[in-house]
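Atoms within a ligand are numbered from 1 in the order they appear, just like the ligands themselves.
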Amino acid sequence: MAELLFRDDAYLRSCEAIVLGDDERGIRLDRTVFYPTGGGQPGDSGVLRRADGSTIAIADARKGESVDEVLHVPAPGAAAPAVGETVTAEIDWDRRYRLMRMHTCLHLLCAVIPGAVTGGQISDGKARLDFDVPGEALDKDAITEKLNALIAADHPVTPRWISDEELAQRPELVRTMSVKPPTGFGRVRLLDIAGVDLQPCGGTHIKHTAEIGRVEVTKIENKGRQNRRVNLAFA
Ligand SMILES: [Zn+2]
């Protein structure tokens, strides 16, 4: 079990940690700021800084077998740490911050477009979400305008928790058909953009929508009869 520091503070760039293990799957730490790939958001890259100042490059972070396990995948040729060694885990903050801004923007997109989300992907500087909107013609420019209005309004963005029971009573909160929120742990994490969007999400987000900056819908594609793929990028 590792302490997942990004869950309570997505703005943490580094932390001290002890190496718990290192095998072909990756390096495990007792605590980490590295977000592992999940919910459409890519895992963090960065370094593990050793006591002598040298670094172990981390190319990716992935989920382990248990919910609280993060595997730090070293770049090819990176040095191996010793179990028990103390390191400073540092994420590539510029990349993570762009991912946080784009990720939060997808929550706004869910508020602008009605219909269930059938898939999605966030990458550096751009993202896409697929919506199940039968017969609906989506207007690229109108969506861009609505998104930028929500961004400029600088809504507060707050994570909070809901019990499994309460979530079961409010099925309308789950927008994503392809990925169900992880229940069975007693509680599920919600992301609340006050008055705009509320849905289960375990990703990393910024604190105020104005941090996203201007965005634009670059393309809307038809993916099947009912499926519309909305592509976004920073303007
Ligand atoms: Zn989210």
Side-chain angles (χ1 to χ4, degrees), residues 4-13 32-44 60-63 67-68 70 91 93 95-132 143 146-148 150-151 153-164 166-167 170-183 185 187-213 215 217 229-234:
L4 308 182
L5 301 174
F6 55 83
R7 213 150 55 174
D8 295 318
D9 185 357
Y11 289 79
L12 266 186
R13 303 173 188 204
T32 192
V33 289
F34 280 73
Y35 177 80
T37 305
Q41 183 178 331
D44 284 317
D60 191 14
R62 294 179 197 149
K63 280 181 184 159
V67 272
D68 287 344
V70 176
I91 55 170
W93 171 251
R95 173 175 177 269
R96 156 72 91 71
Y97 191 54
R98 288 191 296 271
L99 293 171
M100 279 164 59
R101 287 161 58 215
M102 194 45 89
H103 180 139
T104 308
C105 191
L106 291 187
H107 284 265
L108 298 181
L109 188 60
C110 284
V112 169
I113 301 176
V117 175
T118 55
Q121 187 64 50
I122 301 157
S123 47
D124 196 357
K126 56 185 189 163
R128 59 174 168 79
L129 271 187
D130 295 349
F131 291 90
D132 182 11
I143 296 168
K146 283 181 187 167
L147 278 177
N148 284 314
L150 287 171
I151 291 166
D154 205 13
H155 295 281
V157 180
T158 338
R160 56 188 178 93
W161 296 87
I162 188 175
S163 69
D164 285 359
E166 200 185 341
L167 183 64
R170 300 184 62 187
E172 76 281 4
L173 289 179
V174 180
R175 291 289 302 275
T176 314
M177 293 165 84
S178 51
V179 188
K180 291 288 170 223
T183 54
F185 304 104
R187 61 177 194 168
V188 168
R189 192 169 183 265
L190 291 181
L191 199 270
D192 189 3
I193 304 180
V196 178
D197 183 61
L198 177 66
Q199 61 176 301
C201 189
T204 59
H205 309 89
I206 41 100
K207 284 182 179 159
H208 300 276
T209 59
E211 284 181 59
I212 297 168
V215 296
V217 176
R229 173 166 294 174
V230 181
N231 295 273
L232 277 182
F234 291 125

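- In this structure, the side chain of Gln41 does not engage the main chain of Leu99 through any donor-acceptor pair within 3.5 Å.
- At least one side-chain heavy atom of Thr104 sits under 4.5 Å from a side-chain heavy atom of Ile193.
- By the salt bridge (charged side-chain N to carboxylate O under 4.0 Å, His left out) test, Asp124 pairs with Arg98, sequence neighbours left out.
- Checking each of Trp93, Phe34, Tyr35 against Phe6 for a ring-ring contact (aromatic ring centres under 6.0 Å, His included) leaves exactly one that passes, namely Tyr35.
- Protein atoms that are N, O or S and lie under 2.8 Å from the Zn ion (ligand 1) are these: His103 NE2, His107 NE2, Cys201 SG, His205 NE2.
- The salt bridge (charged side-chain N to carboxylate O under 4.0 Å, His left out) test applied to Arg229 returns Asp130, not counting sequence neighbours.
- Asp197 is linked by a salt bridge (charged side-chain N to carboxylate O under 4.0 Å, His left out) to nothing, counting only residues two or more places apart in sequence or in another chain.
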